[in-house]
Amino acid sequence: LQRYIGTTDEPLSTEGKEFLEKLTYPMPEALYVSPLCRCVETAGILFPGKSFHIIEELSECDFGEFENKNYIDLKDDVYYQKWIDSEGKLPFPNGENMNSFSKRCVSAFNNAVKKYSFAEKIAFIVHGGTIMSIAEHYLGGEFYDYHLKNGEYMIISL
């Protein structure tokens, strides 16, 4: 139903786990993970036995009053329409604004990369918004240009 799931800490579905178990990725030298359950579970499935570092600042955006709702739930919300019209640039009511969210994600990414600057392969198991913020910062373009489907990945060479 395309809900806004940011801070809701829900586990992966059975279907999600089965999907991930079919994927293969190269083993990284360092692995960073959002603290939310769905990312921790994903890391364990994709890289079994690999230790990882949890970074709080890599969590998904706090969608505030939009959290756990979809466009059907929000279609009559005046602020939601304003948010849509702003192309997602307005802050979420009682949630995060995109500028501070992006700064948080990029800062956490930079700190992690610096810590393992000797490593050739560093993996991040994070959320769509986190990925889009980091990619927009390093690759230019627009935030939504970097929307990935579940299980997809992107390689950024620094």
Side-chain angles (χ1 to χ4, degrees), residues 1-77 80 83-84 87-88 91-98 100-102 104-109 111-113 115-116 119-139 142-156:
L1 294 169
Q2 302 296 317
R3 295 176 294 141
Y4 292 95
I5 303 294
T7 58
T8 300
D9 197 12
E10 60 185 21
L12 294 171
S13 66
T14 301
E15 296 81 14
K17 290 177 186 178
E18 291 171 355
F19 171 76
L20 290 170
E21 288 167 354
K22 297 174 186 172
L23 302 176
T24 305
Y25 296 103
M27 185 63 72
E29 294 169 57
L31 179 58
Y32 291 102
V33 180
S34 159
L36 297 179
C37 182
R38 56 196 184 264
C39 287
V40 172
E41 287 181 1
T42 297
I45 293 168
L46 295 180
F47 304 108
K50 176 74 178 169
S51 64
F52 54 85
H53 308 276
I54 291 179
I55 300 181
E56 295 288 329
E57 295 81 9
L58 293 174
S59 291
E60 180 61 280
C61 186
D62 180 350
F63 295 122
E65 292 176 21
F66 297 170
E67 182 72 23
N68 214 8
K69 296 178 182 173
N70 63 26
Y71 68 95
I72 295 169
D73 299 326
L74 296 165
K75 67 180 171 32
D76 297 324
D77 184 311
Y80 180 69
W83 180 78
I84 293 292
E87 297 178 349
F92 294 99
N94 295 314
E96 252 177 308
N97 78 49
M98 290 304 291
S100 62
F101 168 67
S102 291
R104 167 171 66 81
C105 294
V106 169
S107 176
F109 178 82
N111 290 337
V113 169
K115 185 173 181 180
Y116 282 91
E120 287 187 34
K121 293 179 186 160
I122 302 173
F124 290 80
I125 306 292
V126 294
H127 311 276
T130 307
I131 293 167
M132 291 186 285
S133 293
I134 294 165
E136 178 185 36
H137 177 80
Y138 280 102
L139 304 175
E142 295 293 324
F143 180 83
Y144 293 104
D145 292 344
Y146 303 104
H147 184 266
L148 300 178
K149 294 179 182 166
N150 292 337
E152 289 184 326
Y153 67 95
M154 125 181 349
I155 297 172
I156 297 177

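Because the structure is a prediction, the values reported are computed rather than measured. Along the sequence shown, residues are numbered consecutively beginning with 1.
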* Does atom CD of Glu152 have more than 12 heavy-atom neighbours, drawn from other residues, nucleotides or ligands, at distances under 6.0 Å? -> yes
dist Thr42:OG1 -> Leu20:CG (nearest 0.5 Å) comes out at 5.0 Å
Sequence neighbours excluded, the answer for side chain to side chain contact (heavy atoms under 4.5 Å, CB included) partners of Ser102 is Ser133
Of all heavy-atom pairs linking Asn68 and Ile5, the shortest is OD1-CD1, 3.1 Å
Is there a donor-acceptor pair under 3.5 Å between the side chain of Asp73 and the backbone N or O of Asn70?
yes
Problem - Whether Glu67 side chain and Thr8 backbone form a donor-acceptor pair below 3.5 Å - result: yes
Tightest non-hydrogen contact, residues Leu58 and Ala108, listed as CD2-CB, 3.7 Å
Could you check if a side-chain atom of Ile84 sits within less than 4.5 angstrom of a side-chain atom of Tyr71, using non-hydrogen atoms only?
no
Smallest heavy-atom separation, Phe101 atom then Glu96 atom, equals CA-OE2, 3.5 Å
Margin query: Could you go through Ile134 and Phe124, starting from their C-alpha distance and side-chain angles, then the distance that decides it, and tell me whether this counts as side chain to side chain contact (heavy atoms under 4.5 Å, CB included)?
Written below: CA-CA 11 Å; Ile134 294 165; Phe124 290 80; 5.7 Å; no
Note to self: Does Asn150 have more than 12 heavy atoms from other residues, nucleotides or ligands lying within 6.0 Å of its CG?
What the structure shows: no
(Q) Given 3.5 Å as the limit, does a donor-acceptor pair link the side chain of Glu60 with the main chain of Gly129, or not? (A) yes
What one should report as the nearest heavy-atom pair of Pro35 and Val40 is O-CG2, 3.8 Å
ring-ring contact (aromatic ring centres under 6.0 Å, His included) filter on Tyr25, not counting sequence neighbours, yields Tyr153
Practice problem: Carefully, step by step, assess Tyr146 and Leu148 under the rule side chain to side chain contact (heavy atoms under 4.5 Å, CB included). | Solution: CA-CA 6 Å; Tyr146 303 104; Leu148 300 178; 5.9 Å; no
What one should report as the nearest heavy-atom pair of Arg104 and Ser59 is NH1-O, 3.0 Å
Could you tell me whether the side chain of Tyr32 and the main chain of Ala112 form a donor-acceptor pair under 3.5 Å? yes
Contacts of Met27 meeting side chain to side chain contact (heavy atoms under 4.5 Å, CB included) (sequence neighbours excluded), chain-then-number -> Phe47, Lys50
Separation between CD1 (Ile156) and CD1 (Ile131), nearest 0.5 Å, reads 9.0 Å
Are the side chain of Asn94 and the backbone N or O of Glu65 linked by a donor-acceptor pair below 3.5 Å? no
If we ignore hydrogens and angles and just use 3.5 Å, is the side chain of Glu41 paired with the main-chain N or O of Leu12 as donor and acceptor?
yes
For Gly88 and Met98, the nearest pair of non-hydrogen atoms, with its separation, is O-CG, 3.3 Å
Exercise for review: Would you indicate whether the side-chain heavy atoms of Val33 and Ile55 approach each other to under 4.5 Å?
Suggested key: no
(request) Show the numbers, then the answer: is there a side chain to side chain contact (heavy atoms under 4.5 Å, CB included) between Ser107 and Glu57? (result) CA-CA 8 Å; Ser107 176; Glu57 295 81 9; over 6 Å; no
SG (Cys105) and NE2 (His127) are apart, to the nearest 0.5 Å, by 9.0 Å
The side chain to side chain contact (heavy atoms under 4.5 Å, CB included) partners of His147 (sequence neighbours excluded) come to Met132
Taken in chain and number order and not counting sequence neighbours, the residues that satisfy salt bridge (charged side-chain N to carboxylate O under 4.0 Å, His left out) with Glu10 are Arg3
Taken in chain and number order and not counting sequence neighbours, the residues that satisfy ring-ring contact (aromatic ring centres under 6.0 Å, His included) with Phe92 are Phe63, Phe66, Trp83
For Thr14 and Glu18: C-alpha separation, side-chain torsions, deciding distance, then whether side chain to side chain contact (heavy atoms under 4.5 Å, CB included) applies. CA-CA 6 Å; Thr14 301; Glu18 291 171 355; 3.5 Å; yes
